[in-house]
Amino acid sequence: MFRHRLEAAESLARRLSHLKGQNPLILAIPRGGVPMGRRIADILEGELDVVLVRKLGAPGNPEFAIGAIGEGDRIWLEDTANRFGEAAINREIERQRALIAERRQRYTPVRAPIDPAERIVVVVDDGSATGATMTTALESLRPRGPARLIAALGVAPPETLVRLERLADEVICPEAPAHFRAVGQFYADFAPVDDDEVIRLLGSQPG
């Protein structure tokens with residue numbers, strides 16, 4: 001459906017064009033959301049930062065998501081987490097909490113995260129299957145008082161968008177296919193984004 005992440009970002013930016021001139025805060029979910037967030041921030045003349053969320057992997061099967069954790073220790077667990085012992089889940093939470101702290105230090109070492117209070121905030125990701133990371137990002141941001149909280153994704157299944165609509169003031173998603181296996185299937189180029197690229201994009205200036 002998209003040639004690459006930048007094409008998806010431009011599609012989202014068109015749907016968010018009314019925010020230009022309002023200095024929106026674009027919070028990208030690393031790593032794949034960051035190139036998109038940079039492009040959207042440039043087009044809308046907003047600020048870019050990251051909102052750090054980590055998937056919680058199942059004990060013994062880290063690729064199977066049982067929830068997510070965000071900055072501020074917001075934890076979201078799927079019902080499937082009940083299959084696993086509390087001690088194993090807590091070990092995974094601590095591991096991901098440490099990775100979030102390490103990533104924040106690496107990505108924005110000379111400044112604190114940008115305060116979302118009273119700002120129009122757009123949370124950006126390249127896509128979501130279950131909505132776990134976007135859900136946790138939105139729930140971690142809402143108590144911090146944004147004036148408006150918008151979820152912007154390149155692609156997601158319809159049932160995920162219904163879930164996100166309960167948490168965001170607005171959900172923007174150009175593609176919502178019913179038959180959904182993975183985010184990458186909807187991008188011709190879905191190359192991994194590394195930390196060096198994230199740091200470069202966060203340090204670059206709009207325009």
Side-chain angles (χ1 to χ4, degrees), residues 1-2 4-5 8 27-37 50-107 113 123-142 151-168 171 173 175-199:
M1 291 184 181
F2 296 114
H4 40 57
R5 289 184 179 92
L27 294 181
I29 296 177
R31 299 183 183 106
V34 177
M36 293 177 61
V50 288
V51 54
L52 296 178
V53 181
R54 292 286 301 177
K55 176 180 73 176
L56 295 173
N61 185 9
E63 292 305 310
F64 179 68
I66 59 170
I69 180 172
E71 283 185 291
D73 273 356
R74 178 65 195 183
I75 298 169
W76 186 86
L77 292 175
E78 295 271 12
D79 291 341
T80 51
N82 294 327
R83 303 177 195 170
F84 305 97
E86 183 178 351
I89 293 173
N90 286 339
R91 283 194 296 271
E92 174 67 359
I93 287 171
E94 289 303 317
R95 189 172 76 87
Q96 297 301 339
R97 182 180 284 134
L99 285 170
I100 285 174
E102 190 271 336
R103 274 193 171 183
R104 175 57 73 181
Q105 179 60 31
R106 190 188 315 161
Y107 290 166
V123 184
V124 176
D125 203 359
D126 48 22
S128 182
T130 66
T133 52
M134 181 62 79
T135 292
T136 305
L138 295 171
E139 290 187 341
S140 69
L141 289 163
R142 180 66 78 183
L153 309 92
V155 60
E159 60 272 18
T160 292
L161 299 179
V162 170
R163 176 187 293 175
L164 297 177
E165 284 167 357
R166 302 188 190 109
L167 302 170
V171 177
C173 186
E175 300 291 347
H179 301 289
F180 193 105
R181 294 191 306 275
V183 173
Q185 79 184 93
F186 301 101
Y187 289 84
D189 178 358
F190 199 63
V193 178
D194 62 22
D195 280 341
D196 288 343
E197 179 74 354
V198 170
I199 293 165

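Note that the coordinates shown come from a computational prediction; the quantities given were computed from them, not determined experimentally.
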Which residues pass the side chain to side chain donor-acceptor pair (under 3.5 Å) test with [X], sequence neighbours left out?
X      : result
Glu71  : Arg104
Glu102 : Arg106
Arg91  : none
Glu78  : none

Rounded distance [0.5 Å steps], [atom1] in [X] versus [atom2] in [Y]:
X      : Y      : atom1 : atom2 : value
Phe2   : Met36  : CZ    : CE    : 7.0 Å
Arg5   : Asp125 : CZ    : CG    : 9.0 Å
Asp79  : Ile66  : CG    : CD1   : 11.5 Å
Met134 : Arg163 : CE    : CZ    : 13.0 Å
Trp76  : Thr130 : CH2   : OG1   : 5.5 Å
Phe84  : Leu77  : CZ    : CG    : 11.5 Å

Within the 4.5 Å heavy-atom criterion, are [X] and [Y] side-chain neighbours or not?
X      : Y     : result
His4   : Pro35 : no
Gln96  : Leu56 : yes
Thr136 : Ile75 : no

Enumerate the salt bridge (Lys or Arg N to Asp or Glu O under 4.0 Å) contacts for residues 128-138, please, sequence neighbours excluded, ordered by first and then second residue. none
Any donor-acceptor pair under 3.5 Å from Thr160 side chain to Ala129 backbone: yes
Is the backbone of Val155 close enough, under 3.5 Å, to the side chain of Glu175 for a donor and an acceptor to pair up by distance? no
Suppose we screen for salt bridge (Lys or Arg N to Asp or Glu O under 4.0 Å). Which residues come up paired with [X], at least two apart in sequence or across chains?
X      : result
Arg103 : none
Arg31  : Asp195
Glu159 : none
Glu94  : Arg97

Do you know which two heavy atoms are closest between [X] and [Y], and how far apart they sit?
X      : Y      : value
Ser140 : Arg74  : CB-CB, 3.8 Å
Leu153 : Gly127 : CD2-C, 4.2 Å
Pro157 : Ser128 : CD-O, 3.2 Å
Cys173 : Ala156 : SG-N, 3.5 Å
Pro177 : Pro158 : O-CD, 3.3 Å
Ala132 : Ala68  : O-CB, 3.8 Å

If we check side-chain contact (heavy atoms from CB on, under 4.5 Å) with Val171, which of these qualifies: Leu138, Val162, Leu161? Leu161
Residue pair Leu52, Tyr107: steps toward the side chain to side chain contact (heavy atoms under 4.5 Å, CB included) verdict: CA-CA 10 Å; Leu52 296 178; Tyr107 290 166; 4.1 Å; yes
Residues 180-191 side chain polar contacts: donor-acceptor under 3.5 Å, at least two apart:
residue: Gln185; atom: OE1; partner: Arg181; partner atom: N; Å: 2.6
residue: Gln185; atom: OE1; partner: Ala182; partner atom: N; Å: 2.9
residue: Tyr187; atom: OH; partner: Asp126; partner atom: O; Å: 2.6
residue: Asp189; atom: OD1; partner: Ala191; partner atom: N; Å: 3.1

Go through the structure and list residues passing side-chain contact (heavy atoms from CB on, under 4.5 Å) with Ala137, not counting sequence neighbours. Ile29, Val51, Val53, Val123
Sequence-distant partners of Ala65, side-chain contact (heavy atoms from CB on, under 4.5 Å), two or more places apart: Lys55
